[in-house]
Protein chains: 2
Amino acid sequence: MDTTQRTDQERSADRRRRELLEAADRVVLRDGPGASMNAIAAEAGITKPILYRHFGDKGGLYAALGQRHTDALLDSLRAALDAPAERRERVEATLDTYLAAIEARPQVYRFLMHPAEGAHPGDQPGEQPADQGFDVGKHSAPLLRRMGEELGKVIEERLDLGPDSQRLARVWGHGIVGMMHAAGDWWLGERPCTRQELVRSLADLLWGRLAAAGDKVGSPGF
Amino acid sequence: MDTTQRTDQERSADRRRRELLEAADRVVLRDGPGASMNAIAAEAGITKPILYRHFGDKGGLYAALGQRHTDALLDSLRAALDAPAERRERVEATLDTYLAAIEARPQVYRFLMHPAEGAHPGDQPGEQPADQGFDVGKHSAPLLRRMGEELGKVIEERLDLGPDSQRLARVWGHGIVGMMHAAGDWWLGERPCTRQELVRSLADLLWGRLAAAGDKVGSPGF
DNA sequence: CTAAGATGTTACCTGCGGTAACTAGGAGTC
DNA sequence: GACTCCTAGTTACCGCAGGTAACATCTTAG
């Protein structure tokens, strides 16, 4: 049967692919993002062209690598978001899960947050410089986008937001993820407080303490 | 007097520097981030080594270039934040100012948000692979950091947040900036609604509507 | 007139992403 | 067994980027 054959070959290819991904993982963990294809190939004990045969180009490898971690992180987040508890507790648990993840493996986290780098793959020197302004967008890392989308869906599923609920939920999804990301990034760099404190502060922000706070006594400008 | 001399030279150097920066600006506006040093030099009518004499390396040029725009944007934001109006109005005005800016010049915005790229400038092949885990942090764009810090200061100056006010203010500063950035980036890519709608949705989020919303009828999981 | 010092050049090095062309080693068919 | 095909693997190269060394030139001070 050639099904057996093909299955064997497929399995072999998949195994190689996974081995290569694990090697790449090790290199990224060691060298951070920007790890070179040469380095990855060397770590895997082979040479560059094989990587290119398996993943097309660097973007392909990085996408495959990123998806593994992204999937794993998203699973953790979903678990925290689905825990049977009060909303505030779930929010705090989710924030804490994310922060614990980036704290545990900062290199991986840095790697995931990197955009795709070069944006002119098929850039031919045509004489028309007309592309000035569009073609932008989606500069952010895919992880952020995916987290934002997923959170938006969860919010829309579970909360009653009246009319415009869909728009509101999506905006909030991306907004909250961005808040979490930026605060986490800053926190990771400066370590100004404990994780617990950071989580509570962010949850307080989401809980409307900004709106509820009173003006300071000598507050300028009205 | 050699003061006059030096002043003349300094002025000349500064003028060149500004000219070069403006040329670089044009190139970045046209080619987006990742504009090459060759391209910038060509646009300025000179060759690479001059750029390197003026700015040291690519990071230096990009830093100088970034600071101009960052300063300009921060000025606009401060103005919106200082307007004589209710807090909610000021918050909305600030969000709108930021979004209008990134909407008006997406290429510049993309450029500003890019980190410093390469992280191994003086990488010597020492046999000690011991740097596994630290040295991370500050992966984010300087613009985000600066905005976060500034907003944190403003919040701490003006709001009465009880004890922990300093930590709370800084966390919120970075968190709100991140929210604004992520939502703006997503919005710029997909244009799912008007700017007004986005601004109101984000302000609603900051105003605690997330906490105030009721559960949906068939809400799963408790 | 000469010497210094900035301004600018050409020509080069390194390292990266990416590819073309070639070489084993099995499986399948006659 | 010889012939082919396919896959994993190699070496050697291209183009382009960032970055630098060494040389040329103009201006200005002494």
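Each chain gets a letter, A, B and so on, in the order its sequence line appears, and its residues count up from 1. Not measured: the values here are computed from a predicted model.
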Taking the side chain as every heavy atom from C-beta outward, state whether B:D96 and B:R195 have any atom pair closer than 4.5 Å. yes
Do A:F111 and A:L29 come close enough that some side-chain heavy atom pair is under 4.5 Å?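 Counting from C-beta outward, A:F111 and A:L29 never come under 4.5 Å.
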Distance check needed: [N] [atom2] versus [X] [atom1], whole Å only.
| X | N | atom1 | atom2 | value |
| --- | --- | --- | --- | --- |
| A:R17 | D:dT7 | CZ | P | 16 Å |
| B:N38 | C:dA11 | CG | P | 14 Å |
| A:Y52 | D:dT11 | OH | P | 16 Å |
| B:D14 | C:dA6 | CG | C1' | 15 Å |
| B:H54 | D:dG19 | NE2 | P | 16 Å |
| B:R16 | D:dC26 | CZ | C1' | 12 Å |
| A:M37 | D:dT10 | CE | P | 14 Å |

Which of these nucleotides, D:dG18, D:dA8, C:dG18, is closest to any side-chain atom of A:R53? D:dA8
Considering only heavy atoms, which members of residues 42-50 of chain A lie under 4.0 Å from some atom of DNA chain D? A:I46, A:T47, A:P49, A:I50
Heavy-atom contacts under 4.0 Å between residues 55-68 of chain A and DNA chain D, which residues?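 Of all residues in residues 55-68 of chain A, none places a heavy atom under 4.0 Å from DNA chain D.
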Minimum-distance pair of heavy atoms, taken over all atoms of B:L73 and B:A101: CD1-CB, 3.7 Å
Would a line drawn from the ring center of A:Y62 to the ring center of A:F55 be shorter than 6.0 Å? no
Backbone N or O of A:C193 within a donor-acceptor pair of the A:W187 side chain at under 3.5 Å? yes
Where the side chain of A:W172 meets the backbone of A:E156, is there a donor-acceptor pair that is under 3.5 Å apart?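 Judged by distance alone, no pair lies under 3.5 Å.
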Would you check, one step at a time, whether the test side-chain contact (heavy atoms from CB on, under 4.5 Å) holds for B:H174 with B:M147? CA-CA 8 Å; B:H174 288 281; B:M147 288 200 296; over 6 Å; no
Suppose we screen for side chain to side chain contact (heavy atoms under 4.5 Å, CB included). Which residues come up paired with A:D75, at least two apart in sequence or across chains? A:R78
Under 3.5 Å, is there a donor-acceptor pair linking the side chains of B:T70 and B:R146?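 Note: B:T70 and B:R146 side chains miss the donor-acceptor criterion.
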